[in-house]
Amino acid sequence: MNSLLTFPLGGVHPPEAKGQTAGLVIERMPVPDELEIILGQHIGAPCTPTVKKRDVVGEGAMIGEVQKGLGVPLHSPVAGTIKDFGMSAHPMRVTSPSITIAVDHDAIPVTYPRNDWSGLTAAELLGRVHDAGIIGIGGAGFPTHVKLKPPPDAKIDKLLLNGAECEPYITADHRQMLELAADIIEGARIIAKILGIGECIIGIEENKPDAIQVMAEAARAASSAECTIRVQALRVKYPQGSEKQLIQALTGRKVPSMALPSTVGVVVHNVSTARAICDAVVSGKPLYEKVMTISGGGITRPANLLVKVGTRASDIVAYLGGVKPELAKVIMGGPMMGFAVSNLDVPVTKTTSSILFLTEKEIDTRPHSQCIRCGWCLAACPMGLEPKEIGVFVEANRAEDTAQFGVFDCFECGSCAFICPAKRPLVQFIRLAKMKARR
Amino acid sequence: MWTVLACLMPPLILSVFIFGIQTLIITAVSVISCVLVEAVSQKALGRPITIRDGSAALTGVLLAFVIPPGVPYLLPVLGAVMAIYVGKHLLGGIGYNIFNPALLGRAFLLATFPVAMTSAWLPPLHDLAIFTHLGAGADAVTAATPLAVMKEQGMEAFTQAFGSGTSLYTSFFLGWRPGCIGETSGFLIVLGGCYMLYRGYITWHIPVSVLGTIALLSWIFGGKALFSGDPLLAILSGGALLGAFYMANDYVTSPTNKISQLIYGVGIGALTVLIRLKGGYPEGICYAILLMNPLSSVLDSFFKPKRFAPPVGGDK
Ligand code: SF4
Ligand code: SF4
C-alpha cells in the first residue's frame, strides 16, 4: 500500500477507540416486546401512517408512506399489532411522531429468497430501491433513489463507496465489510447498473487492513468488462468519510460549495447503504434492520448488533447487561458528529450507526473559555473556514452576519471543536449561526 | 500552556547553573506576582478567575527571561502588574489583548528603570569546570551583553571580550555568557521550540520567518560593508531565539492564518534588524514584536484561509 490517498486541507486525528468492538462478530439482538418507529426517518417529508390502531401487520409490511414531497415508504420490522400513535424521544428534534408496534413473538420470521436481477431495467431497479425504503444509512439519511437519479445534464462516470468509517468508536461498517463483502459489492453493481457507469471505487481507511483485503478480493471476483470495482486504501484522517473529502481523496475532484457531487461526475454511497440496496433488489427485503456499534467505557458489554429499527436504546442497554456507574454521557452517532441524548427511550432509526456510552475519562468536561486565537481551528477545518471568527460573531450576537465566512460550507464535522484548546463549542456556535444567517 | 512552560524549564535550570540561584529567585518572584496579579485583576474586574490555565505563570516565566537577573526584586513585581493587569486585562482581556503581556512588562521596565535594566547582568559563575571545558573562554567574559558591547565598542572589543570563531558560537549556543535568562542558551531554547513544533503546539511559520529575516538582513546590512554581517551571531544573540519561538508565537497576539503569520514574522525580523542597527536598543526584537502585535488582526482580515471550493458563481 504505497499510495495512500487522503484529502489535503485540514483534518484531525482523534483517538480511534475502535478496539473494543472491531473484533466482535455482528450479533442479532432479540426483538424486544415493543418497537417505536419514528415517522420522519429521513431528510424530506415525514411518512403518513397507512395503518390503523389495532391493525395486525406482518414483518416487512408497509406501515407508512410519503404522500407528497421527497421520501420513501416505511415498513414494519416485525410481525405484530399496531399499538399506538404517539410522540417519541428523538436524538436531534427532541420529540417526533411515531408508531408503536406490539411485537408478536410467535410469528415465524420471514425469509427472503435471493433472485436474479440481471434481467431488470434501471427503472425497475430504482423502483425496488424506493419501495424498500432505502435512505443513506451512513449520514443524514437522504432518500437513496433520489441520489440514484442525478440531474439529466450531469455526466456521472464514477461510483464511490464510502467505507472510510472515520468516526472514532464505530465499527459497524467495518464488520459489515468483513462479514458481508459480497453483498456490498453486489449492491455496488446494482447501483452501477442503475446509473449506467462502469467504474466503482471503494475507499477504506488503512486502519482496517482486514476489511481492505476481504473487500478487494470480493471486488476482484465481481469485476467485469463493463464494470470494474476496486478498493482504494485511504490514510487515517478525520473526516475522511465526509462526502466532499472522500471525493477529493479518491478522484482529485472538488465539489463546489452548495453543489451536489453529481456536478463533478460522481455519486457516493455508504457501504452499508450498498448492502441495503443489495437486500432490497436481490431479496426484496425492505430496510428495517440496522447494524450498529454499541461501545464506550460505560456499557457492560460493547457489541456490534443487528437491531430492528424502532428498538429503544434502553432495550439495547438491558440486552447488553446495563450501564456501568462511571457512565457520564450517551451519544447517538459518533463522538465527533453525534448528538448527546439525555433519555434512553430514544428509538433507533435507519440512520443510527452507533450509541456510545462514554465515561468521564472519554469525554472532555473542561469548561470552555475565551478564544485564545491560536488558529488551530483554521488549520483543522477541512472546508477552509474560520470557525473562531464565526464563534466570536455568534458570541457578539451577530450570528446573522456570518454568511461572509462561508458558514453554509460547514458540514459540522467537529474537527474545529475537537482541536480547540479553549474547548469552545464551535459546532454549536455554527449551528446557531446557520439558523440565524438563513433568515 | 503547561507544555510550553515545561519547554522553558531546561533553560531556566541551566541559567541557575551559570548565574547562580539568583535567576531562580527572580523567576519565582515574577511567576508568583503574575499569578497573583491575574487573580486580583480578574476579581476586581468581575471576571472568572483563570489562573489555573497556566497562562499567567507562563507570562511570569517569559517576563523573568527577558530582564537582567541582577535587578532588584521590585522590578519583576512591577513588571507583572504592567504585564498582566494593564497589558492583559485592561488592554482587551483574555484572548483579546493586543500586546504580548510579558514584552509590554519588559518595555515598561526598560523605560522606567533604564539603568538597572541594562546593567544588572550577573557574570557567569567561574567555578563550573564542566562548562569551561566545552570551549567557552570563561576568563574573557565581561558583565555586559554581547550586542551592547559590539554596538558601543566595536567589533574588536567584542572579539576581545567574547572570543571569536567557533568558541564564540559555542559559548553563545550553550549559554556561557551574560544576558537575560532566556537569551543565554540558544541550544535549549531551540530544543524546546523544536519539541513544541513536533507536538504541533506551534507551526514553523512564525519562528522561521522571524529568524530567516533577521539572519538575511543582518548578513546584508550588519557588517561594515554590504553582505559582510554575521547572520549566525545575529540570531544567537539579543534574545532573537526566545523572541522567535516563545514571544512572536504567542497565540493571542499573533495572526491565525499561515500567510499572515509569514508576513508577520518577516515584519518582526525586519524591524528587529532595523532597531538593532539604527536604534538604541540591541534587544530590538522586543519592540519589533510589540510593534507588529496590533497588526495581527489586520493581517488576518486581509488574508483569509483558502476555502475548500468556492461556490459556482461566487457567494451570494
Ligand atoms: S465543523 Fe465546520 S467549521 Fe468546524 S472544522 Fe468542520 S467544517 Fe470546519
Ligand atoms: S481553536 Fe479555539 S482558541 Fe484556537 S483560534 Fe480556534 S476558536 Fe480560538
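Given the structure is predicted, the values throughout are model-derived calculations rather than measurements. Chain identifiers are assigned alphabetically (A, B, ...) following the order of the sequence lines, protein sequences preceding nucleic acid strands; residue numbering begins at 1 within each chain.
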Could you tell me which portion of A:Lys244 (side chain, backbone, both or neither) has an atom closer than 4.5 angstrom to a non-hydrogen atom of chain B?
both

Where on B:Ser254 is there a heavy atom nearer than 4.5 Å to chain A: the side chain, the backbone, both, or neither?
backbone

Residues 374-385 of chain A: residues contacting chain B (heavy atom under 4.5 Å, by number):
A:Cys374, A:Gly375, A:Trp376, A:Leu378, A:Pro382, A:Met383, A:Gly384, A:Leu385

Any donor-acceptor N/O pair, A:Thr273 side chain to A:His269 backbone, under 3.5 Å:
no

Taking B:Tyr246 for the side chain and B:Leu241 for the main chain, is one N or O donor matched with an acceptor at less than 3.5 Å?
no

Heavy-atom distances under 4.5 Å only: say whether A:Ile372 touches chain B with side chain, backbone, both or neither.
both

Can a donor-acceptor pair be found, under 3.5 Å and without considering hydrogens, that links the side chain of A:Lys434 to the backbone of A:Phe408?
no

N-O pairing of A:Glu243 and A:Lys147 below 4.0 Å:
yes

Is the shortest side-chain heavy-atom distance between B:Thr253 and B:Asn97 below 4.5 Å?
yes

Quick one: does A:Met336's side chain get under 4.5 Å of A:Val12's, heavy atoms only?
yes

Quick one, B:Met247 and B:Ile285 - any side-chain contact, counting heavy atoms below 4.5 Å?
no

Is the shortest heavy-atom distance from the side chain of B:Pro255 to the side chain of B:Phe303 under 4.5 Å?
no

Given that the side chain runs from C-beta out, which part of B:Ser55 has a heavy atom under 4.5 Å from chain A: side chain, backbone, both or neither?
neither

